[in-house]
Amino acid sequence: MAFENKFIQQRIEKAEALRAEGINPYSNDSKRNTTIEKYMNVNSDIAEKEEKRDEHRHYIVSGRIKFFRIMGKASFIKIEDESGMLQVYVTRDNLAEGFYNTVFKKLVEVGDIVEVSGFPFVTGKGELSLHCSEFKLLTKAIAPLPEKFHGVTDKEIRYRKRYLDLIMNNEVRKTFQIRSKVISLTRRFFEDKGFLEVETPMMHPIAGGANAKPFVTHHNALGVDRFLRIAPELYLKRLIVGGFEAVFEINRNFRNEGMDATHNPEFTSIEFYWAYKTYKDLIEITKEYFQYLFEHLNLPTLLPYGEMEVNFENLTELPLIESLTTVGGVPAEVVNEKEKIVEFLNSKNITVKPGMNLGQLQGELFDEFVEDKLIDPTFITEYPVEISPLARRDDKNPAITERFELFIAGREIANAFSELNDPIDQYERFKGQGEAKEAGDDEAHEMDEDFIDALSYGMAPTAGQGIGIDRLVMLLTNEHSIRDVLLFPAMKPVHTEERQEEA
RNA sequence: GUCUUGUUAGCUCAGCUGGUAGAGCACGUCACUUUUAAUGAUGUGGCCGAUGGUUCGAAUCCAUCACAGGACACCA
């Protein structure tokens, strides 16, 4: 089964031949004393020297062989480490007697990880290289790498074997470096603002905090089912009740739903809750957060995304109802009348479920005519209460809530509101959800009595927000599939025949 | 979930209306001490995604299935 491929067989034989030569094909005797990036920087002066070399300098560099060019008694190879690629000039006469012909030329190949030492020089074609005086194999690769020019482009291979993708496609590494920076900058930003990072359970007795189908697992010792969390919200709010005034959590949520370019069953979000603040403060901190990210990631404020260009200096606020007419082009006399909205939607060949209330219909108008036109960052505010079950009502206008959603490049990036902290109101809303669940809505919330208990002790007025990190990274890296910003995206199993045999 | 396109050598891809498979890279052998996807010569390499069907004959036509990409629907 394993290793049966003829190319792999061939390379296993080479590994054995190396052992016969007294060379360990999996040596851990690494003496590396610099990275390729540092080597290139430190030796950038060589090009200005008359002799184009400095034999008094000596470096040991390691990396994977990406190119192998033999020209008789001399060779050029290119090795790559995490920091960059370096050309190495290897000659027969600079290595130990016989090594070049019997080992280097015969038993070393593209994909192997090696360590070379020597001095810096610049080739006739002007490339800063390393003149090799000692060559050591560190790790023999028994699987051949994909083709050196086209690399691996098959998305299925790239997602399933991300390590190969990372070896072959440099820009992929950059995407994930940016992702890592986004997360670490996010953490630092909120810590600097006085937020406390917390970790709440991922295994919930009741899956709450969002409308979504949970994954179910089983706890043997307790004999109970547990749900992988769909959102950390209800636990974070318990912490506000407990007296923490600013908390955040960056971690995974799990939703047992479909997969596509913007949905993975597990995804990363940041949720943060801030006592004694309202959604207006959240708008301000969100603006600051984006400014902080752009500054530290050195991103242009005119950010390209696909065909679009997003202007991050043009952040605006817009009430939802107003956006329907100004952005969506919906006639003003339509937007506040149920019948007229249905009529209008029908005239555009959009059918709506019967019995939708005004807020839902306005939401429908927004989705159809406004959302994908919001290219520059736009905080849509004053959401109808009917489509905002967790948000606090506006004190002056009970039809709308203290909420915003942030849209960028035609997509929702963040959702935030002043939190509902009236325990009785919350209880009633849970009850309504319970009835919806009985009626067949398997995404409806379940009653969380402990959460009601918590609110009963009093939660300070609080504003809370969630940002989808994966989608944010997509935006910042100009990627259009969530799978391109997840190191190991969810994939269906492949070996169906084997599975059936085992079963 | 629906529609649609794809799956041929380790990788990237040809293979037309059916006649038992082809290139480049990689790999083997040879030549070559400043190359840049090195070059030149030569050779090895395949159950054409799986299972059925049509046919004298299937990589090619049909059906089902699997996986993947894209679009739409739902959601973050």
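Because only heavy atoms are used, hydrogens play no part in the values below, and waters and symmetry mates are left out as well, while side chains stay in. A note on names: the letters A, B, ... follow the listed sequences, proteins ahead of strands, and every chain is numbered from 1.
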Practice item. Please collect all salt bridge (Lys or Arg N to Asp or Glu O under 4.0 Å) contacts where either partner lies in residues 64-77 of chain A, sequence neighbours excluded, each pair once. Key: A/Lys66-A/Glu80
Check your understanding: Rounded to the nearest Å, what distance is computed from the CD atom of residue A/Glu13 to the P atom of nucleotide B/U29?
Key -> 12 Å
Exercise for review: Only counting residues at least two apart or in another chain, list the ones meeting ring-ring contact (aromatic ring centres under 6.0 Å, His included) with A/Phe176.
Suggested key: none
Give me the distances for all protein-to-nucleotides 71-73 of chain B N/O pairs that come in under 3.5 Å?
from, atom 1, to, atom 2, distance (Å)
B/A73, N6, A/Asp260, OD2, 2.9

Exercise for review: Can you sort out the partners of A/Ser62 under side-chain hydrogen bond (donor to acceptor under 3.5 Å, both in side chains), two or more places apart, ordered by chain and number?
Suggested key: A/Glu115
Point to revise | side chain to side chain contact (heavy atoms under 4.5 Å, CB included) partners for A/Tyr26, two or more places apart | key: A/Arg19, A/Asn24, A/Thr139, A/Lys140, A/Ile142
Practice item. Please name all residues satisfying side chain to side chain contact (heavy atoms under 4.5 Å, CB included) with A/His480, sequence neighbours left out, ordered by chain then number. Key: A/Tyr305, A/Asn478
**Study point:** A/Phe195, A/Phe248, A/Tyr289, A/Phe189 screened by ring-ring contact (aromatic ring centres under 6.0 Å, His included) with A/Phe272, the one that passes
**Key:** A/Phe195
Review point. Which nucleotide in the list B/G28, B/C32, B/A38 gets nearest to the side chain of A/Phe67?
Key: B/A38
Exercise for review: For nucleotides 6-12 of chain B, just jot down a letter per nucleotide in 5' to 3' order: B, S or -, based on protein non-hydrogen atoms under 4.0 Å.
Suggested key: ----BBS
Review point. Do A/Tyr89 side-chain and B/U35 base share a donor-acceptor contact under 3.5 Å?
Key: no
Practice item. State yes or no: are the ring centers of A/His131 and A/Phe119 separated by less than 6.0 Å? Key: yes
Review point. Using atom C1' of each nucleotide, how far apart are B/A38 and B/C25 to the nearest Å?
Key: 13 Å
**Study point:** Any residue meeting side-chain hydrogen bond (donor to acceptor under 3.5 Å, both in side chains) with A/Lys155, in chain and number order, not counting sequence neighbours
**Key:** none
Practice item. Kindly indicate whether the side chain of A/Thr91 and the base of B/U33 share any N or O donor-acceptor pair separated by less than 3.5 Å? Key: no
Check your understanding: When the ring planes of A/Tyr235 and A/His204 are compared, do they come out parallel, tilted or perpendicular, using 30° and 60° as the limits?
Key -> tilted
Check your understanding: Say you pick atom P in B/A41 and the same atom in B/G24; how far apart are they, in whole Å?
Key -> 10 Å
Exercise for review: State which residues pass side-chain hydrogen bond (donor to acceptor under 3.5 Å, both in side chains) with A/Asp484; sequence neighbours excluded, sorted by chain then number.
Suggested key: A/Tyr159
Exercise for review: Assess whether one donor atom and one acceptor atom, taken from the side chain of A/Gln87 and the base of B/U35, lie less than 3.5 Å apart.
Suggested key: yes
Check your understanding: Looking only at atom C1', what distance separates B/U42 and B/A59, rounded to whole Å?
Key -> 29 Å
Practice item. Hunt down any stem RNA chain B takes part in, defined as 3 or more consecutive Watson-Crick or G-U pairs whose two distances are each under 3.5 Å. Key: B:1-7 with B:66-72, B:10-13 with B:22-25, B:27-31 with B:39-43, B:49-53 with B:61-65
Practice item. Can you tell me, in whole Å, how much space there is between the C1' of B/G22 and that of B/G15? Key: 7 Å
Practice item. Considering only atom P, compute the distance from B/A21 to B/A9 and round it to an integer number of Å. Key: 14 Å
Which atoms of nucleotides 39-42 of chain B (N or O only) lie under 3.5 Å from a protein N or O atom, and what are those distances?
none

Check your understanding: Want to settle it: does A/Glu412 or A/Lys125 sit nearer the 5' end of RNA chain B, counting the closest nucleotide to each?
Key -> A/Lys125
Revision key, fill the gap. Applying side chain to side chain contact (heavy atoms under 4.5 Å, CB included) to A/Ser129 and not counting sequence neighbours gives A/Gln87, A/Phe121, A/Thr123, A/Glu127
